[in-house]
Every structure is written in C-alpha cells, then in structure tokens.
Amino acid sequence: MSGKFITLEGMDGAGKSTHIPNIIKILQARGFEVVSTREPGGTALGERLRELLLHEPMHAETETLLMFAARREHIATVIGPALARGAYVLSDRFTDATYAYQCGAKGVPATKIQILEQWVQSELQPDVTLLFDVPVEVSMQRLAATRVPDKFEREDANFFSRIRQAYLQRAQENPARFRVIDASVALTEVVANVEAILATI
Ligand code: TMP
C-alpha cells in the first residue's frame, strides 16, 4: 500500500484549514507517514514567495508565474519525495486554486495556466481534492469575524463569487477526483462528512 496526494480547496473563509489536524490524525492512524503542507508555501523559498504573493500588488500573470515557481520547488523538494516514499501528502491548496483565483477571478486565460501546469507538474495530479464549499455571504462573514485580511481576502463579493463558480466548475469537470463538502452547516456535521469521505479513500 502507498499513500496518496490529497488537497484541500475552497474560498477564503470556507473553514478548510480547521480540519487539517483531524485529517492528519485519521491518516496517521492507518500507519502512514503524513506530510502536511500548504500553497503558496511548503518550502523555505515558497514561504518567502507567499509573503510577496499575499501582500504585494502585482499583475495577475506575475502572480500566476510566482504561484507555479513556488509549486515547482514544492513538488521537487517536498511533495514528490514524500509520495515516492509512500507517504500521504495533505496540501492546503494546490493548482485548482490557481484556476479558481488567477483564472476564474482574475481572468488569466486557462490555456496559459495549462501550459504551466504541464511544465511544472507533468503527470502529477492530486488523487483526491476536498472542496469546502460555502455561499459567498458565509465566507465573507467568517472572514470579517476572524482575521486581518490579506490581499485576496480584501476583495469584494463578485470576486468571491467568481472563485466559488470556478471551483464548482473544476469539480464538475473532474468528478472522480473532487469531493464537494457543504461547509456552511454545523462544524460537527462538516467533520462527520470529512471523516465519511476519508473512509472511502
Ligand atoms: P490560504 O489563506 O488558504 O492559506 O491561501 C492563501 C491565498 O492564496 C488564498 O487567498 C488563495 C490564494 N491562492 C491563489 O490565489 N492561487 C493559488 O494558486 C494558491 C495556491 C493560493
């Protein structure tokens, strides 16, 4: 048996990161090494790029290129080696986020992202993607209540609405990989849904 590449996606404020400790615990209980990581970030270089990406205004295509630069390093030094030794890799965001944010919300052509995806990832795709879906109002209320917003989190409702639509479209186009989770319900219910999905993978 070997591990799998699992990614978590969703709008800012969807609450996906809350579930990471529980997911790690469940996967470790199967006796596997679990590598928990995130994008942008996951490496020393990636975390420095994250600081720029989250706080520095830049052209949407510059943003796309830097996301993939960070991703290249992440795959080369963290994700690739972990999968090769049979670990589970749990990444808080991956390339679906680039399709949702840079393409869906900011208008970077999907064809350009596909070129970078092919270059940087070759055949690598997540085995399973958990999409935490919430209505835009819920995400915006949660953000307002919980943290100082970064560059992305300061955007308006239309921006968030485009992200949500792009994610749902990705899920529709890749039904074998995506599991869409209604994250607007009570936390205990979301936890139960996540656990039911993990039991199937
Ligand atoms: P986080 O708050 O979930 O850690 O994500 C950081 C922000 O980066 C979030 O607003 C989404 C954004 N992002 C993109 O715009 N494109 C990407 O490819 C990735 C991985 C994240």
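Order of listing sets the numbers, starting from 1, for every ligand and every atom in it.
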Ligand 1 and D150, any nitrogen or oxygen pair closer than 3.5 angstrom? no
In one Ile/Leu/Val/Met/Phe/Trp/Tyr side-chain cluster, 4.5 Å: L198, V34: yes
Starting from atom 4 (O) of ligand 1, what is the nearest protein heavy atom, named by residue and atom, and what distance separates them? R50 NH2, 2.8 Å
Can you figure out which of P40, P149, A105 has its heavy atom closest to atom 8 (O) of ligand 1? P40
Are any of the heavy atoms in R71 under 4.0 Å away from ligand 1? yes
May I ask whether K16 places a heavy atom under 4.0 Å from ligand 1? yes
Return the set of residues passing side-chain hydrogen bond (donor to acceptor under 3.5 Å, both in side chains) with R177 (not counting sequence neighbours), or none when no residue passes. D96, T129
Give the residue and atom name of whichever protein heavy atom lies nearest to atom 18 (O) of ligand 1, and the separation in Å to one decimal. T98 OG1, 2.6 Å
Nearest non-hydrogen contact with atom 1 (P) of ligand 1 belongs to which option: R93, E63, Q102, E155? R93
Would R38 count as a contact of ligand 1 if the rule is a heavy atom under 4.0 Å away? no
My understanding is that only residues two or more places apart in sequence, or in another chain, count here; which of them pass side-chain hydrogen bond (donor to acceptor under 3.5 Å, both in side chains) with T64? none
Would you tell me which option among L66, D12, T64 has the nearest heavy-atom contact to atom 9 (C) of ligand 1? D12
How about K151: does its NZ atom have over 12 heavy atoms from other parts shown lying under 6.0 Å from it? yes
So which protein heavy atom does atom 14 (C) of ligand 1 come closest to, and at what separation? M67 CE, 3.3 Å
